[in-house]
Amino acid sequence: MKYGRVKNYYNGEFVDSSSANDLDVISPIDGNLLSVVPMSSAEELDSAVKSAKNASAAWAGAPIKERVQVFFRYRYLLERNLDELTALVSEENGKTWDEAKAEVEKSIELTEFACSMPQLVSGEILEVSKGVECRTEHFPLGVVASIVPFNFPLMVPNWTMPNALVLGNTMIMKPSELVPLSCQRMAELLKEAGLPDGVFNIINGGREIVEAICDHPDIEAVSFVGSTHVAKLVYQRSTNALKRCVALGGAKNHLFVLPDANPTMTATNVTASMTGCAGQRCMAASAMLAVGDVDPIIDQICDEARKVVPGKNLGAVISRAAKERIEGYITEAEKSGAKVLVDGRGATVDGKEGGTYVGPTVIDHVTPEMSVATEEIFGPVISIIRTGTLDEALKIENANPYGNAASVFTQSGGAARYVMEHASAGMIGVNIGVPVPREPFSFGGWNDSRFGANDITGKSSIEFWTKLKKTTTKWNPEAGVNWMS
Ligand code: NAD
């Protein structure tokens with residue numbers, strides 16, 4: 001085992017869990033055992049919440065310009081440790097070096113946004129009648145929680161942690177039990193950056209801890225990122241306990257490809273979107289709506305896909321179970337009459353026989369009711385559905401329950417505008433395969449891809465992580481009182 005047993009982190013210290021129940025942490029790259037992670041108890045969560053609660057008053061009481069100094073240093077430490085963090089993300093998640101490096105770089109960008117927070121939360125003040133002023137201020141909520149998925153072990157924790165903490169909250173982080181190592185390193189870097197003990201805490205575990213977080217009376221807000229099934233459970237349970245919650249769920253992202261699209265640009269973007277991070281991105285292209293005759297573009301997508309090679313420029317999928325699930329979808333589509341143009345089943349990498357790889361897969365002549373057309377596959381697979389018109393394609397996209405992203409490939413501004421207006425998704429791309437809004441724009445889908453009122457990053461997250469105080473003051477010496485004062 002390369003690393004020791006994963007520890008919890010509270011009061012600024014790493015603590016061995018008392019749980020007797022550990023899960024293996026396995027590298028998808030080669031199947032080697034990296035570590036074991038404890039399934040902590042609700043009592044251990046309670047200790048972490050106490051730590052966060054004790055740290056709350058001093059941290060919230062510090063001016064934001066003081067709090068943000070920690071994050072300038074944290075940003076520097078992310079950059080200084082870029083190679084080491086890249087290696088760790090790649091090792092525990094299975095990403096290629098370039099993908100893991102991009103994840104660290106994105107974490108830096110997220111931290112930079114948090115560092116700009118003092119400029120964004122200065123509040124408002126207005127003289128509303130003679131000598132009477134109204135002002136607004138953003139106040140932290142207190143102890144908040146962040147529950148994160150396996151597919152971005154460092155970036156998704158950095159979607160929530162820097163913003164929530166700069167805004168004066170203290171946090172309990174619940175890493176994915178499949179990839180708990182990057183969060184440990186994050187805690188070390190925050191300590192090195194000078195974050196006071198107790199402001200950031202980690203509790204490892206699975207379902208039991210997530211449920212205990214939703215129920216805990218001293219946790220004010222819960223953010224969740226993961227599958228739709230669990231997002232719904234977390235949203236329902238934590239709002240039932242009268243907490244604020246934003247829960248991001250799964251996705252089935254549609255790409256509209258029109259005959260006038262630039263073939264090379266479309267083929268490279270579609271392929272990069274479906275195969276990047278082995279298709280394990282909530283923004284990955286999953287269904288392609290081929291509007292009219294786009295056969296030459298499909299041929300080019302197949303050529304591009306064949307250049308994506310497992311173990312070289314394609315990483316591993318997270319587990320053996322994930323590989324079996326993805327390959328099962330391909331087989332089912334084939335049995336239902338779809339045509340597998342590029343087949344990634346049975347992929348292996350020499351010298352890494354214990355790794356869990358699926359090659360790029362292009363499935364054509366998929367019909368809208370097939371499972372590869374309706375369900376999230378979360379692997380490097382694209383399902384091509386042929387349609388006669390753009391309206392027909394939009395009808396298919398609108399009917400799917402998710403709503404994270406949709407993209408259109410065309411040279412027609414009018415057609416692009418039509419998709420921007422009518423696609424039922426929170427994030428739209430025009431000639432972009434992965435339309436992630438970058439800071440300061442916020443990230444969040446629609447429909448079953450997000451529950452709750454706010455997005456999770458960017459300016460929208462300010463409303464989620466704070467409560468507004470509205471103060472009215474009168475310094476007008478006149479004694480008279482009117483209906484407004
Ligand atoms: P997951 O839902 O299985 O797990 C997410 C978190 O929930 C983990 O911390 C896990 O320990 C916990 N969990 C799992 N089962 C639970 C249960 N029954 N009760 C309570 N907690 C439970 O998701 P995953 O497999 O880690 O991540 C992949 C999913 O996340 C995909 O569906 C992907 O689309 C989604 N995702 C969405 C976004 C987004 O922005 N919408 C971003 C990243 C990932």
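Start at 1 and go down the list; that is how both ligands and their atoms are numbered.
- Comparing Val210, Asn204, Val234, Val179 by heavy-atom distance to atom 12 (C) of ligand 1, the nearest is Val210.
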**OP:** Determine, stepwise, if the pair Glu91 / Tyr3 fulfils side chain to side chain donor-acceptor pair (under 3.5 Å).
**Re:** CA-CA 12 Å; Glu91 197 172 28; Tyr3 302 95; 2.6 Å; yes
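- Proximity to Val148 (heavy-atom distance under 4.0 Å) selects the following atoms of ligand 1: 6 (C), 8 (C), 9 (O).
- Every atom of ligand 1 with a heavy atom of Asn151 under 4.0 Å away is listed here by number and element: 43 (C), 44 (C).
- No N or O atom of Glu211 sits closer than 3.5 Å to an N or O atom of ligand 1.
- In terms of heavy-atom proximity, Trp159 sits nearest to Ile456 at CE3-CG2, 3.6 Å.
- A donor-acceptor pair shorter than 3.5 Å cannot be found between the side chains of Asn253 and Ser286.
- Under 4.0 angstrom from ligand 1, the non-hydrogen atoms of Glu177 all belong to its side chain.
- Counting atoms of ligand 1 from 1 in the listed order, those under 4.0 Å from a heavy atom of Lys174 are 8 (C), 9 (O), 10 (C), 11 (O).
- Closest protein heavy atom to atom 3 (O) of ligand 1: Ser227 OG, 4.1 Å.
- Between Ser273 and Val434, the shortest heavy-atom distance links the atoms OG-CG2, 3.6 Å.
- When Gly226, Cys282, Ser449, Pro149 are ranked by how near their heavy atoms come to atom 35 (C) of ligand 1, first place goes to Gly226.
- Of the protein's non-hydrogen atoms, Phe150 N, 3.1 Å is the one closest to atom 26 (O) of ligand 1.
- Remark: Arg320 does not engage Glu324 in a salt bridge, criterion side-chain N to carboxylate O under 4.0 Å.
- Between Glu177 and Val25, the closest side-chain pair of non-hydrogen atoms is not below 4.5 Å.
- Heavy atoms of Phe152 come nearer than 4.0 angstrom to ligand 1 in no pair at all.
- Ring geometry for Phe200 versus Tyr9: interplanar angle of 30 to 60°, hence tilted.
- Below 3.5 Å of separation, one finds an N or O of Glu376 facing an N or O of ligand 1.
- With ligand atoms numbered from 1 in the order given, ligand 1 contributes 32 (O), 34 (O) to contacts under 4.0 Å with heavy atoms of Gly250.
- Between Val37 and Asn204 there is a side-chain heavy-atom pair separated by less than 4.5 Å.
- Only the side chain of Trp159 comes within 4.0 Å of ligand 1, judged by heavy-atom distances.
- At a threshold of 4.0 Å, the pair Asp83-Lys101 does not count as salt-bridged, since none of the basic side-chain nitrogens sits closer than that to a carboxylate oxygen.
- Distance from atom 22 (C) of ligand 1 to its nearest protein heavy atom, with residue and atom name: Val230 CG1, 3.5 Å.
- Within the 4.0 Å heavy-atom criterion, neither part of Thr228 lies near ligand 1.
- A salt bridge is defined here as a Lys NZ or Arg NE, NH1 or NH2 lying under 4.0 Å from an Asp or Glu carboxylate O, and Arg244 with Glu220 fails to meet this definition.
- Looking from atom 17 (C) of ligand 1 to the surrounding protein, the closest heavy atom is Arg207 CG, 3.8 Å.
- Ligand 1 lies within reach of Gly249, whose nearest heavy atom is under 4.0 Å from it.
- Between Asp218 and Lys53 there is a salt bridge, since at least one side-chain N of the basic residue sits less than 4.0 Å from a carboxylate O of the acidic one.
- In summary, the atoms of ligand 1 found under 4.0 Å from a heavy atom of Phe224, numbered by their order in the structure, are 2 (O), 5 (C), 6 (C), 7 (O).
- In terms of polar-atom proximity, defined here as any N/O pair under 3.5 Å, Phe378 makes no such contact with ligand 1.
- Using a 4.0 angstrom heavy-atom cutoff, Val156 does not count as in contact with ligand 1.
- Side-chain N/O atoms of Glu44 and Ser17 include a donor and acceptor closer than 3.5 Å.
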